[in-house]
Amino acid sequence: MVTKDNAKEYLRIPYDEDDSFLEQIIQGGYDYLAAAVDDFEKLQTVDEFSRKVDLWVLTQWVPKMFDEREGMQSGAPELNYAARALLTQLQMYEYKEENP
């Protein structure tokens, strides 16, 4: 799971004033995916899927939401191509039971 410190390092934020907000948008990213991906909780147990989820939250969701805080976005909010492509991969991911 992406942490506040991961996000601060990725965004190069040296101060602590936005820590609470970062925690909220990180959780918002996971909540967004949980609503967008069938069997999200079950798939989260698969390492490959979980790593892709963390990548999406850290590189696609957090920067966008952080940049758009306090009404700083222009126009209608939408996900860029990379965010949509990775989201589609997550939505198409199939859970496969391992044979014992």
Side-chain angles (χ1 to χ4, degrees):
M1 179 159 198
V2 174
T3 67
K4 165 193 55 125
D5 291 332
N6 298 139
K8 287 175 74 170
E9 181 179 346
Y10 184 77
L11 297 173
R12 297 187 176 124
I13 299 173
Y15 52 86
D16 298 330
E17 287 82 13
D18 289 322
D19 284 5
S20 176
F21 179 66
L22 283 170
E23 290 172 345
Q24 291 174 3
I25 61 175
I26 289 166
Q27 186 58 53
Y30 286 102
D31 292 346
Y32 182 92
L33 290 176
V37 176
D38 291 338
D39 295 326
F40 181 79
E41 295 300 323
K42 186 178 187 181
L43 289 168
Q44 273 288 81
T45 64
V46 178
D47 286 339
E48 179 186 24
F49 180 85
S50 183
R51 284 192 308 272
K52 287 181 180 184
V53 165
D54 292 344
L55 179 68
W56 188 87
V57 170
L58 180 63
T59 65
Q60 302 302 316
W61 183 264
V62 169
K64 180 172 179 51
M65 294 302 114
F66 189 78
D67 287 346
E68 294 180 1
R69 68 192 181 284
E70 301 175 18
M72 293 174 64
Q73 80 261 17
S74 59
E78 60 182 57
L79 298 174
N80 65 31
Y81 176 79
R84 289 191 323 262
L86 186 51
L87 177 58
T88 299
Q89 286 182 22
L90 293 170
Q91 289 172 322
M92 301 301 288
Y93 197 93
E94 290 185 39
Y95 183 81
K96 296 177 183 159
E97 297 273 344
E98 291 188 36
N99 294 330

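Only heavy atoms go into these numbers, but all of them, side chains included; no hydrogens, no water, no symmetry mates.
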Can you give me every donor-acceptor pair (side chain of residues 26-35, partner residue at least two apart or in another chain, under 3.5 Å) with its distance?
from	atom 1	to	atom 2	distance (Å)
Gln27	NE2	Asp31	OD1	2.8
Tyr30	OH	Val2	N	2.7
Tyr30	OH	Asp54	OD1	2.5

Using residues 43-50 as the side-chain source, report each donor-acceptor pair under 3.5 Å to any protein atom, sequence neighbours left out, with the distance given to one decimal.
from	atom 1	to	atom 2	distance (Å)
Thr45	OG1	Lys42	O	2.6
Glu48	OE1	Tyr93	OH	2.9

Quick one: side chain to side chain donor-acceptor pair (under 3.5 Å) partners of Tyr81, sequence neighbours excluded?
none
Set of residues satisfying side chain to side chain contact (heavy atoms under 4.5 Å, CB included) with respect to Leu11, sequence neighbours excluded
Ile13, Leu22, Val62, Pro63, Phe66
For Asn6, all residues meeting side chain to side chain donor-acceptor pair (under 3.5 Å), sequence neighbours excluded:
Thr3
Gap separating the CG atom of Asp18 from the CD atom of Glu23, nearest 0.5 angstrom:
11.5 Å
Under the rule for side chain to side chain contact (heavy atoms under 4.5 Å, CB included), what residues qualify as partners of Gln91, not counting sequence neighbours?
Ala36, Val37, Leu87, Thr88
Holding to salt bridge (charged side-chain N to carboxylate O under 4.0 Å, His left out), I want the full list of residues that pass it with Lys8, two or more places apart in sequence or in another chain.
Asp16, Asp19
Backbone of Ile25 reached by a side-chain donor or acceptor of Trp61 within 3.5 Å:
yes
Contacts of Asp38 meeting side chain to side chain contact (heavy atoms under 4.5 Å, CB included) (sequence neighbours excluded), chain-then-number -> none
The reported gap from CD in Gln60 to CZ in Arg84 (rounded to nearest 0.5 angstrom) is 10.5 Å
Please list all pairs meeting ring pair (Phe, Tyr, Trp, His ring centres under 6.0 Å) that have one or both residues in residues 3-28, counting only residues at least two apart or in different chains.
none
